[in-house]
Every structure is written in structure tokens, then in C-alpha cells.
Amino acid sequence: MQQAGVWNVGIAGCGIGRTHIAQGYARHPDKFRVVALCDVDAGRLAAVADEFGIAHRTAAFDELLRIDDVDIVDICTPPHLHVAQILAALSADKEVVCEKPIAGSLAEIDRVMAAEREMPRRVLPVFQYRFGNGMQKAKRIIDSGIAGKPYLATVETAWKRTPEYYATPWRGRWRTELGGVLLTHAIHAHDLMTCLLGPPASVFARIATRVNPIDTEDCAVASLVMRSGALVSLAATLGSQREITRLRLCFEHVTFESGGTPYAPGDDPWAVIPASTEAETPIADVLAGYRPIATRFEGLLGAYHAALVTGSPLPITLADARLATELATALYHSAATGAAVTLPIGPDHPSYAGWRRIPG
Ligand SMILES: NC(=O)c1ccc[n+]([C@@H]2O[C@H](COP(=O)([O-])OP(=O)(O)OC[C@H]3O[C@@H](n4cnc5c(N)ncnc54)[C@H](O)[C@@H]3O)[C@@H](O)[C@H]2O)c1
């Protein structure tokens, strides 16, 4: 196992896994080398392995774990496989990177967190949208305390998904995708929101399946009260002809507006609008020393390498993924019961072990 220098990576799943290479690992040749690839689809495996010159190819996840050279296992398989694959990779003494959603319930993610505590290796959940300069500057201003009282935020995830997207059998089914637009798509923007505003205290949600003939939801709205007292409105759909992801956060001394880029909402430019001329100077002071970061997968993996080498906390932790899972649990429970849900959600909550599970 490398402490400094180049860490060897084995990737399972060649869909977004290919993007992890192209937009992430390949941009850090001094930090990572993808040495092995795993996919049950032989054609896809060969195409991606050939494209990046990866010699070790396998259809069996267990074989990936048996490769001594592999320091990091990056899990990019369909959602229902993540928990078992993370636990197996930790047991095989591998560092783990895993795509969202990590788990389909709080009970499952608590099992993963317990396993991580017992093992020497750690799990990096993938929330690459946090690595954007607009998002990072807003966080810096908020964390410095100068934004003041958070009033209200709106979060929109308006994407477009067609029947071709759902031709992939695991998509659109509770058993395999584990959720719909709330869990698979809007999870990113919701993570940005909680990263900036902290955890929710109460949620009320409605969900519907209106865009595609699928089992999981593809439209959702929700009304949240955060622990800070701030109000938040979430809206998510997969039926928008123009795709946008947008956050708007109104604080006492400043309002933030993200750009609308659907798959990079954390990127610059964000509008930072001071409430008064007096608020301008402290904001300028806080941003004076700001050094732009690499964005999305490149930024996430660069920060990951630094944490691996130094043993410092990972840039995204299972606690972050747990908060996303807890919000999803609350939203689904509220939508199913028609009642508001109070957080935190403990093991005695009826949805702790999972939200609605419909076969298919
Ligand atoms: N962070 C992001 O922006 C982002 C974007 C897209 C997808 N994702 C997530 O990544 C995961 C994969 O999504 P995708 O769009 O790449 O799906 P995909 O279906 O395009 O790719 C998944 C791949 O995994 C392979 N696979 C299935 N079972 C396997 C197994 N047991 N062992 C090895 N390979 C196996 C499939 O053959 C397929 O090639 C999902 O959890 C999804 O939510 C994240």
C-alpha cells in the first residue's frame, strides 16, 4: 500500500467509472494509476480498458479484490450492489471510493459506518459537485460567520431523462435504483444545500411519477425547516426540456445564486450579493486569499489523494453520505404518509430499515 506517490486503483463499473478515469484519475498521473477494471458487460469492459490501456480486466468483483496491486477499489456499479461491495472491499483491506447512493437505508449506511470504524481503510462517497469554486467561496463566506442569519433557500434540480435512459434495466426500479429523482439525481444539489446550511429539522414532501413509465418517482417537491430555523424549498423533476440545477440562498447579510449549469452547479460564477455596502468589505476580505481549486472529479480526487497521504479526514465522509440518506429517508417517509417528518431519524423510526420497497 502506497503512503505517498502513486496509488493503484481498480474500478468496478465502466459507465460513470469511465468518467472517473477521464475527468479524475487521468488528470492526476502523479497520484493515481488505474491498473484494473471490472465489468460484467464484456464489450464495455474491453472498450474502456482499451481506451485507457488498462491491462487487468475481469468480470468478477471478487477477483478485483484479490489483486494485491490494487490499493483503492472504486465502486461505480448500480446502487443496489454498493453496500455489499463496500463491505467486501473493506474486508479485503482496500481503500474504497463509492458512487452515490451509498446505501438504500439508514440501517445499511450505519452498517457500513460500523465496518469502516473497525477496519483500517476508509470510504470516500462521491459528491463531486462540491468541488466548484462558486460553491467553495459561498461556503467560505458562510463558515466565516459574516453571512449572518440564514433566511431561506430554494433548490431546483430540473433535468431530462427519456425512455432510452430507462432502457438500462436497473434504472427506475426501487429494488435496484433504490429511489428516483430524489435519491439518484437531486441528491447532489441537496448535498450542496446541507453542506451550506447544515442539517434539516423537519421535512414535508410530495413525490410523483409523471415523466416516464417507471416505478420510482421522477417529480418531487419538499418543504424543509433547517435546524438553524431557515426555510428551504426543494423541487426536482426529470421532465425539464432545459436542464438546470440552481440554488439560491438568502442570508441576513448576503444572497447567493448559483449558476444554472445542470451537472456542475458548484462551479463559478455564483452571484454573491451583499445586503449593504457595509457587508461588501468583510466578504471581499474573506475571499481575498481564496485560491481556485480543480473542479468536480479532478478536485475531489486531488483532495482524496492528499487525505490518503497525510491520513487526514477524507474530503467527503460517510457522515456526509449518512446525512443525504437521512434526508432521503425523511422525504420518502413524508411522501408515503402525508405527514411532516422530524429529524434526526433513529433506529426506532419505521423507515430506518428502508423506505418504500416495491418489487420490480
Ligand atoms: N456522481 C455522478 O455524477 C454520477 C453520475 C452517473 C451515475 N452515478 C452513479 O454511479 C452508479 C453507476 O451509474 P452508471 O450511470 O454508470 O450506470 P451504468 O449502468 O451506465 O454502468 C454501471 C456498470 O456496472 C456494470 N455492472 C453491473 N453489475 C456489476 C457487477 N456485479 N460487477 C461489475 N460491474 C457491474 C454494468 O455492466 C455497467 O457497465 C450509480 O450508483 C449512479 O447513481 C453517479
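Everything numeric in this text was worked out from a predicted model, so none of it was measured. Each ligand, and each atom within it, is numbered from 1 in the order the structure gives.
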Would you indicate which of Leu81, Asp39, Ile11, Thr176 comes nearest to atom 39 (O) of ligand 1 when only heavy atoms are counted?
Asp39
What about Tyr165 and Trp159, are their ring centers closer than 6.0 Å?
no
Quick one: does any side-chain atom of Thr168 pair with a main-chain N or O of Trp170 as donor and acceptor, under 3.5 Å?
no
Assess the residue pair Leu331 and Ile207 against the criterion (side chain to side chain contact (heavy atoms under 4.5 Å, CB included)); give the C-alpha distance rounded to whole Å, side-chain angles, the decisive distance to 0.1 Å, and a yes or no.
CA-CA 9 Å; Leu331 294 169; Ile207 61 174; over 6 Å; no
Under 4.0 Å from any heavy atom of His82, which atoms of ligand 1 are there?
41 (O)
Do the side chain of Trp174 and the main chain of Asp215 share a donor and acceptor less than 3.5 angstrom apart?
yes
Report the nearest protein non-hydrogen atom to atom 19 (O) of ligand 1: residue, atom name, distance rounded to 0.1 Å.
Trp170 NE1, 2.8 Å
Heteroatom distance test (Thr184, ligand 1): nitrogen or oxygen, under 3.5 angstrom
no
Tyr263 versus Glu243, side-chain donor and acceptor atoms under 3.5 Å:
yes
Determine, step by step, whether Arg121 and Glu95 satisfy the salt bridge (Lys or Arg N to Asp or Glu O under 4.0 Å) criterion, reporting the C-alpha distance in whole Å, the side-chain angles of both residues, the deciding distance to 0.1 Å, and the verdict.
CA-CA 5 Å; Arg121 306 295 162 208; Glu95 298 289 345; 3.5 Å; yes
Measure the distance from atom 27 (C) of ligand 1 to every protein heavy atom, then report the residue, atom name and distance (to 0.1 Å) of the closest one.
Pro78 CD, 3.4 Å
Geometric class of the Phe32/Tyr25 ring pair [parallel <30°, tilted 30-60°, perpendicular >60°]:
perpendicular
Can an N or O of Gln128 be found at a distance shorter than 3.5 Å from an N or O of ligand 1?
yes
Please list the nearest protein heavy atom to atom 5 (C) of ligand 1 with its residue and the distance rounded to 0.1 Å.
Ile16 CD1, 3.4 Å
Test Phe256 against every option in Leu249, Ile273, Leu196 by the side chain to side chain contact (heavy atoms under 4.5 Å, CB included) rule and name the one that passes.
Leu249
With heavy-atom distances below 4.0 Å as the criterion, list the atoms of ligand 1 near Gly15.
16 (O), 20 (O), 21 (O)
Could you list the atoms of ligand 1 found under 4.0 angstrom from a heavy atom of Gly13?
23 (C), 24 (O)
Nearest heavy atom to atom 40 (C) of ligand 1: which of Asp62, Val48, Thr77 does it belong to?
Thr77
Going by atom types only, do Glu99 and His20 share a side-chain donor-acceptor pair under 3.5 Å?
yes
May I ask you to decide if Asn8's main-chain N or O and Asp71's side chain share a donor-acceptor pair within less than 3.5 Å?
yes
For the pair Lys100 and Asp191, find out whether any cationic side-chain nitrogen is under 4.0 Å from an anionic carboxylate oxygen.
no
Looking at Arg171, His80, Glu99, Arg18, the heavy atom closest to atom 14 (P) of ligand 1 belongs to Arg171
Subset of ligand 1 atoms that lie under 4.0 Å from at least one heavy atom of Thr168:
19 (O)
Ligand 1 atoms in contact with Asp41 (distance to a heavy atom under 4.0 Å)
37 (O)
Show the atoms of ligand 1 that are less than 4.0 angstrom away from any heavy atom in Cys38.
33 (C)
Nearest protein heavy atom to atom 12 (C) of ligand 1, by residue and atom, and its distance?
Cys76 O, 3.3 Å
Nearest protein heavy atom to atom 30 (C) of ligand 1, by residue and atom, and its distance?
Val40 CG1, 3.7 Å
Which one of Lys100, Arg44, Glu177 has a non-hydrogen atom at the shortest distance from atom 8 (N) of ligand 1?
Lys100
